[in-house]
Every structure is written in structure tokens, then in C-alpha cells.
Amino acid sequence: MRIVLIGPPGAGKGTQARMLQEHFGIPQIPTGDLLREAIKAGTSLGKQAQTYMDTGKLVPDQLVTAMVAERLERPDCEPGFLLDGFPRTIAQAEALSLHLDKTGQQIDCALSLAVPNLALIERLGGRWVCHNCNAMYHERFSPPQHPGQCDKCAGELYQRSDDTRETIIARLDVYERSTAPLIDFYEKNGCLRTVDGIGEPAEIFQRITDTLSAS
Ligand code: AMP
């Protein structure tokens, strides 16, 4: 199963991707996390990506596409994969199709998580992420048992530098202009499935698995 997850920032892609990874036994490929790791490691990719990410802009297509192509070559992707946060532009989607075409593969499903802007701003503003395992919390909707500490691994929680109000608005704008057109792109490909992204994570996950088994 080869899935791409599409949705605005804060739609819950990361949470659902982790649940789907476990359910289907396929690797989750979160491009935002991979880029943040590259920044932390101080690699050339990380250095190039940082200024774009800090201001809520997209990292140039060729950098992200090369990073993803390399990741897809690894053997764990043979049975399938789940791309979380990629593609984010039509150029990336076209590059992905070309890459898969070379080995006779294609995307089976583009899952679009639909969440209205007001809910996104509320979710992103209160989000805390574990430094160690990337688990996500929200100070109002899903607080950790001990403030500042991950329930799963006791790692330290932090707020992403791009989860400030100004950058959130910039990211939503970038989503509308650059990423939302992918919905049409995959609709024309016949593999788009849209799921309501409002509700508890388990409820949304159920909607997703129902949608996938019906397709
Ligand atoms: P995310 O963790 O998915 O919200 O991504 C955080 C940031 O990483 C985005 O705001 C972009 O700056 C960058 N990023 C992640 N994925 C991509 C992508 N496919 N194309 C370009 N930039 C990306």
C-alpha cells in the first residue's frame, strides 16, 4: 500500500500517519521530521532548509524531492510506504510519479484530511512535541500527564519554532496556494479520498481505515 497524506498544518497528519504505520506495517516518511533532524545534525540539507522552515515557507522542491527519493530506495519501502507532508506542490507530485513509474509503482491512495482553518490555528498554537519520539500533545485537548514530559518515553517536550501565530498564518497561506491544488491533481488521478479530520484521533483513524477498505 502506497499512501500520501495531504492536509494543512495541524490537520493531524503526523498522528494518523503513526497509527497507520502500525496498522499496515509500512514505514511513515514524515518530511518535516526528516528536515528537522537534518537541521539538528547540521547537515548541508539542514542548513539550506532552516531559513525556509523558520519562516513557514516551503523548502525548494529539488532538495525535498531528492531527500524523499533516497528514502524510498531503502528496502523497508518495498511493501509500501506512507508519505506524511510530501508532496506539497504539484512539481513534487509529478517528480514522485516519475520516480515510482521507473519501478512500475504508483500511489494507491491520496488521503486528504479536511479541517477548517480556525481549528488548525487553535491546534497548532497549543502543540507540544517530544524531542525524543516526536509524540504530540496539546496543552488543552491532550495534555501530557506531567507538564513538559512525554507520557510515552519521558522525553522533554518542546514547542516547534514554526508554531508561532505569525508563522502558522504564513504556513496556512502556503498550504492554500501551493499544496491545496494537489487535491485536484489526485482527484484527476482517481486516487483521492477525503476524510473529515475533526474529532478524536481514534475516531478519525476509524474513518480512514473505513475509507481505505471501501476503496
Ligand atoms: P511539517 O512538519 O510537515 O509541518 O513541515 C514543517 C516544515 O518543513 C514546512 O513548513 C516546510 O518548511 C518544510 N517541509 C516539510 N515537508 C516539505 C515538503 N514536502 N516540501 C517543502 N517543504 C517541506
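First listed ligand is number 1; within each ligand, the first listed atom is number 1.
- Put simply, the side chain of Arg160 reaches to within 4.5 Å of the side chain of Val129, judged on heavy atoms.
- Ion pairing of Asp210 with Arg207 is absent here, as no side-chain N (NZ or NE/NH1/NH2) approaches a carboxylate O to less than 4.0 Å.
- Looking at residues two or more places apart in sequence or on another chain, you find a side-chain hydrogen bond (donor to acceptor under 3.5 Å, both in side chains) between Gln48 and Ser44.
- For Glu94, the side-chain hydrogen bond (donor to acceptor under 3.5 Å, both in side chains) criterion is met by no residue, not counting sequence neighbours.
- For ligand 1, the protein residues within 4.0 angstrom (heavy atoms only) are Thr31, Gly32, Leu35, Arg36, Met53, Lys57, Leu58, Val59, Val64, Gly85, Phe86, Arg88, Gln92, Arg160, Asp162, Arg171.
- Using a 4.5 Å cut-off between side-chain heavy atoms of Ile, Leu, Val, Met, Phe, Trp and Tyr, with links allowed through other members, Leu100 and Met67 fall into the same hydrophobic cluster.
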Run the side-chain donor-acceptor check on residues 117-127: report pairs under 3.5 Å with partners two or more places apart or on a different chain.
from   : atom 1 : to     : atom 2 : distance (Å)
Glu122 : OE2    : Arg140 : NH2    : 2.6
Arg123 : NH1    : Gly10  : O      : 2.9
Arg123 : NH1    : Ala11  : O      : 3.2
Arg123 : NH2    : Gly197 : O      : 2.8
Arg127 : NE     : Asp163 : OD2    : 2.9
Arg127 : NH2    : Asp163 : OD1    : 3.3
Arg127 : NH2    : Asp163 : OD2    : 3.4

